[in-house]
Q: 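The structure follows.
Chain naming here is simple, since letters A, B, ... match the order of the sequence lines and numbering starts at 1 in each. All of these numbers come straight from a predicted model, not from anything done at the bench. Values below: all heavy atoms of this structure, side chains included; hydrogens, waters and symmetry mates excluded.
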Amino acid sequence: MKLHIHDTLKREKVQFTPNNPERVTLYVCGPTVYDFAHIGNARPVVVFDVLFRLLRHLYGESHVTYARNITDVDDKINKKAMDEGVDISVITNRYADIYNADMAALGALRPTLEPRVTHNMDAILHQIQALIDNGHAYPAEGHVLFDVESYKAYGALSNRSLDDMIAGARVEVAPYKKNPQDFVLWKPSKPGEPLWASPWGEGRPGWHIECSAMIEANLGLPIDIHGGGHDLIFPHHENEIAQGVCTQHGHAHDSDAYSRYWMHNGFLDFGKEKMSKSLGNVKLVHEMIKTTPGEVLRLALLSAHYRAPLDWTDELISQTHKRLDGLYGALRKAQDVPVRDVVVPAGVLEALCDDLNTPQALAELSALAKVLETATSEAGRMMAKADLLAAGAALGLLQGDPEAWFKQGAGDDLTAQVEALIAARAVARAEKNWPEADRIRKELDALNIEVMDSAGGASWKVKATN
RNA sequence: GGCCUGAUGGCGGAGCGGUUACGCACCGGAUUGCAAAUCCGUGAAGCCCGGUUCGACUCCGGGUCAGGCCUCCA
């Protein structure tokens, strides 16, 4: 099965061929750890988690290296540390841990590598020096700046020319810049801010250099796929390319010398009101998973194609919850069915290999659930269940215990209470005491529990609240 | 101003030049002590105006609308 992906740089869907199938490399821009992650931050995590799973499936688990950085040097981190009167590491460790826990709740696998800026300062200094040596950067007043005019292909990713950028520049130009579009590789720290020694004075790295330096140091150039949100195309990824290409000798105009493919996910839409801190409507993953299963959020994030905008609404979440109930419902009824060979069904694999067409893959999932529901023979049920589980695994879904799925949110006390009521109701039903059976059903209903009778006895679930 | 997306049934959301997307909801039927779940089935679409074509939701042109980026941002 050939993987095809939409390459932002080429602006078309292309066949993916790794530089080295024995070592496929993927890098995704990760969080700046100074606060909780919101649901928009989670989209690239989940999308590229699906890609990570797919690549591992195609090339073998040990042949894929996925790096997602943790930015632990930043103004906002400094401010928070200052406010709390602690070292920045207190802030960054705290929010990195929360981030990883939250993303795990969304079913995202841990990346192979999670490089941090503070652990890669040597690599950053090394790359800056190489850029200066290659004539692509220059020191000025304690800064080191990248000279954009030295890189002819600058603007290729975001499809804009240097002239356009200069014409449309809205930023105040620092006097020490040769060109208004030159960007910072190294800058002096303000008093009280963390700083590192460098040949150009004490200071800290600019925003873009960390990624290209960590990629070079941790993955090696060029990497296969670089991913991130749409908004990062310019200036972040554009500048990364400039740095990553120019740090190497002999490749000065070859964009592929840095990353061979570029993938960018679209944004979540939140209706008329843009999600922002000032409006107080930021949807934090940390909060959402308290009331909504992470798997529902994951499925919702995958319900639209990753490049398309996705309207994030309560309606979407409730629809998604019901859909997941349906899938787990099929598995619940097949709990007695043993599973042996688990192979990702062709339809799902085809969908994912077509530029991660998750809506199509999800449609396949629904079809497989129906096959499982309608299969009559034991062999048929076994195969259907295996298919559904394998398809789910490819998407990072349906790996939980179906029984537990429907009892989420029910503590031990409630569970015991429910079991007792159901036992009492079973007695009433055996005696055909329908008024009593219905009375107990109502009692359970008041507890937000739904009972489902079947030949083999009653099962129950916590009713969805969203 | 520059660059770039998108506009599909009640809602979410894909593929496709001519045949059912799929999910959620709705309606009819089966099943059920009641109900849920499930199954069977029906209904429901392609922003506007041109063009290409035997035929367009799908291709081309124009328009309208919405959104994103150009500054920290998934």
Side-chain angles (χ1 to χ4, degrees), chain A residues 8 11 28-32 34 37-48 74-76 155 157-161 163-172 181 207 227-236 238 264-272 274-277 299-313 315-327 329-330 332-333 351 354 357-367 369-370 372-374 406 428-429 432-435 437-438 441-442 444-445 449-455 458-461 463:
Chain A
T8 309
R11 275 169 266 283
V28 174
C29 288
T32 301
Y34 69 99
H38 58 68
I39 189 68
N41 299 112
R43 169 119 100 148
V45 173
V46 169
V47 164
F48 290 108
D74 175 85
D75 284 344
K76 281 167 282 197
L157 182 71
S158 54
N159 191 32
R160 52 190 85 193
S161 73
D163 290 344
D164 290 345
M165 282 184 261
I166 293 164
R170 304 195 308 217
V171 209
E172 205 174 316
Q181 298 307 316
W207 174 32
H230 229 90
D231 55 315
L232 295 178
I233 293 173
F234 188 89
H236 187 51
E238 194 71 76
H264 291 94
N265 63 275
F267 264 37
L268 259 36
D269 283 345
F270 299 88
K272 320 158 203 86
K274 197 172 175 174
M275 183 170 68
S276 76
K277 283 188 181 174
L299 179 55
L301 287 170
L302 296 176
S303 67
H305 184 81
Y306 75 92
R307 280 189 284 118
L310 172 61
D311 282 325
W312 192 264
T313 62
E315 178 73 5
L316 172 67
I317 294 174
S318 66
Q319 285 190 4
T320 304
H321 203 322
K322 287 175 197 159
R323 183 173 196 173
L324 206 42
D325 278 349
L327 295 170
R332 184 191 216 186
K333 281 183 276 185
D354 181 18
N357 190 339
T358 52
Q360 180 60 41
L362 259 15
E364 296 288 336
L365 223 59
S366 296
K370 176 165 274 189
L372 177 57
E373 295 272 16
T374 54
F406 290 105
R429 291 188 73 227
K432 297 204 191 302
N433 185 350
W434 307 131
D438 290 346
R441 176 185 288 285
K442 270 190 188 146
L444 287 161
D445 191 65
I449 300 297
E450 192 164 307
V451 193
M452 290 148 290
D453 296 322
S454 72
S459 58
W460 59 277
K461 69 172 185 179
K463 288 197 280 192

Q: For nucleotides 39-42 of chain B, list the nitrogen or oxygen atoms of the protein found under 3.5 Å from its nitrogen or oxygen atoms, one pair per line.
A:
residue: B/rC40; atom: OP2; partner: A/K370; partner atom: NZ; Å: 3.2

Q: Quick check for you: among B/rG67, B/rA21, B/rG12, whose closest atom lies nearest to any side-chain atom of A/D269?
A: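 When the side chain of A/D269 is considered, B/rG67 is the closest of B/rG67, B/rA21, B/rG12.
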Q: Going by heavy atoms in the side chains, are A/W312 and A/I317 under 4.5 Å from each other?
A: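 Side-chain contact under 4.5 Å: yes.
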Q: Residues two or more places apart in sequence or in another chain: which of them pass side chain to side chain contact (heavy atoms under 4.5 Å, CB included) with A/A367?
A: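 Testing A/A367 for side chain to side chain contact (heavy atoms under 4.5 Å, CB included), a comparison that skips the adjacent residues, returns none.
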Q: Are side-chain heavy atoms of A/L157 and A/T8 found at a separation under 4.5 Å?
A: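 Sidechains of A/T8 and A/L157: in contact.
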Q: With sugar-phosphate meaning primed atoms plus P, OP1 and OP2, does A/V451 contact a base, only sugar-phosphate, or nothing at under 4.0 Å between heavy atoms?
A: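 Result for A/V451 = base.
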Q: Treating A/R441 as the side-chain partner and A/V451 as the backbone partner, does any N or O pair qualify as donor plus acceptor under 3.5 Å?
A: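 Between the backbone of A/V451 and the side chain of A/R441 there is a qualifying donor-acceptor contact (under 3.5 Å).
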Q: A/I233 near the nucleic acid: base, sugar-phosphate alone, or nothing, with a heavy-atom cut-off under 4.0 Å?
A: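 Answer is nothing: A/I233 stays at 4.0 Å or more from every strand.
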Q: Can you say whether a donor on the side chain of A/D453 sits under 3.5 Å from an acceptor on the base of B/rC34, or the other way round?
A: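 Yes, the side chain and the base share a sub-3.5 Å donor-acceptor pair.
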Q: Please evaluate the base of B/rA74 for a donor-acceptor partner in the side chain of A/R43 within a cut-off of under 3.5 Å?
A: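 Check fails, no donor-acceptor contact within cut-off.
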Q: Listed by chain and number, what are the salt bridge (charged side-chain N to carboxylate O under 4.0 Å, His left out) partners of A/D75, not counting sequence neighbours?
A: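 A/D75 satisfies salt bridge (charged side-chain N to carboxylate O under 4.0 Å, His left out) with A/R204 only.
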Q: Determine which bases of RNA chain B form Watson-Crick or G-U wobble pairs with both distances under 3.5 Å, and write the result as a 5' to 3' dot-bracket string with | for other-strand partners.
A: (((((((..(((.....[...)))..((((.......)))).....(((((..]....))))))))))))....
Q: I want to check something: taking the side chain as every heavy atom from C-beta on, are A/L444 and A/W460 in contact at a cut-off of under 4.5 Å?
A: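 With C-beta onward as the side chain, the pair stays apart.
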Q: What nucleotide among B/rA74, B/rG12, B/rA14 has an atom nearest to a side-chain atom of A/Q360?
A: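 Taking heavy atoms from C-beta onward, the closest nucleotide is B/rA14.
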Q: With A/R11, which residues qualify under salt bridge (charged side-chain N to carboxylate O under 4.0 Å, His left out), at least two apart?
A: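 By the salt bridge (charged side-chain N to carboxylate O under 4.0 Å, His left out) rule, A/R11 matches no residue at all.
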Q: With the six-membered base ring of B/rA74 as reference, does the ring of A/F267 sit under 5.5 Å away with planes under 30° apart?
A: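 A stacking contact exists, since A/F267 sits close and nearly parallel to the base ring of B/rA74.
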Q: Who pairs with A/E450 by side-chain hydrogen bond (donor to acceptor under 3.5 Å, both in side chains), at least two apart in sequence or on another chain?
A: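 Here no residue qualifies.
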Q: Write down the distance between CZ (A/R160) and P (B/rC3), rounded to a whole number of angstrom.
A: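 Rounded to the whole Å, the gap is 10 Å.
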Q: Report the residues that fulfil salt bridge (charged side-chain N to carboxylate O under 4.0 Å, His left out) with A/D354, sequence neighbours left out, ordered by chain and then residue number.
A: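 Applying salt bridge (charged side-chain N to carboxylate O under 4.0 Å, His left out) to A/D354 gives A/K13.
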Q: Which residues pass the side-chain hydrogen bond (donor to acceptor under 3.5 Å, both in side chains) test with A/N433, not counting sequence neighbours?
A: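 So A/N433 forms no side-chain hydrogen bond (donor to acceptor under 3.5 Å, both in side chains) with any residue.
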Q: Identify, with sequence neighbours excluded, every residue that meets salt bridge (charged side-chain N to carboxylate O under 4.0 Å, His left out) alongside A/R323.
A: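 With neighbours one apart ignored, the set is empty.
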Q: Of all residues at least two apart in sequence or in a different chain, which pass the side-chain hydrogen bond (donor to acceptor under 3.5 Å, both in side chains) check with A/R43?
A: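 For A/R43, no residue satisfies side-chain hydrogen bond (donor to acceptor under 3.5 Å, both in side chains) once neighbours in sequence are set aside.
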Q: Show the distances under 3.5 angstrom between N or O atoms of the protein and N or O atoms of nucleotides 4-10 of chain B.
A:
residue: B/rC4; atom: OP1; partner: A/N159; partner atom: ND2; Å: 2.9

Q: Report yes or no: is there a donor-acceptor pair, N or O only, under 3.5 Å between the side chain of A/N357 and the base of B/rG15?
A: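 When only heavy-atom distances are counted, A/N357 does not reach the base of B/rG15 through any donor-acceptor pair under 3.5 Å.
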Q: Please answer whether the main-chain N or O of A/L302 pairs with a side-chain N or O of A/T358 as donor and acceptor at a distance below 3.5 Å.
A: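 It does hold such a pair.
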Q: Please write out the pairs of protein N or O atoms and N or O atoms of nucleotides 25-30 of chain B separated by less than 3.5 Å, giving the distance to one decimal.
A:
none

Q: Remember a base hit wins even if backbone is also touched, and classify A/R429 as base, sugar-phosphate or nothing at under 4.0 Å, heavy atoms.
A: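 Counting heavy atoms under 4.0 Å across all strands, the contact made by A/R429 includes a base.
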Q: Rounded to whole angstroms, how far apart are CG on A/L302 and P on B/rC24?
A: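 Spelled out: CG on A/L302 to P on B/rC24 is 17 Å.
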Q: Look at the side chain of A/T313 and the backbone N and O of A/L316, then say whether any donor-acceptor pair between them is shorter than 3.5 Å.
A: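 Side chain of A/T313 to backbone of A/L316, a donor-acceptor pair under 3.5 Å: yes, one is there.
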Q: Applying a 4.0 Å non-hydrogen cut-off, can you work out what A/L365 is touching in the nucleic acid: base, sugar-phosphate, or nothing?
A: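 Nothing, no heavy atom under 4.0 Å.
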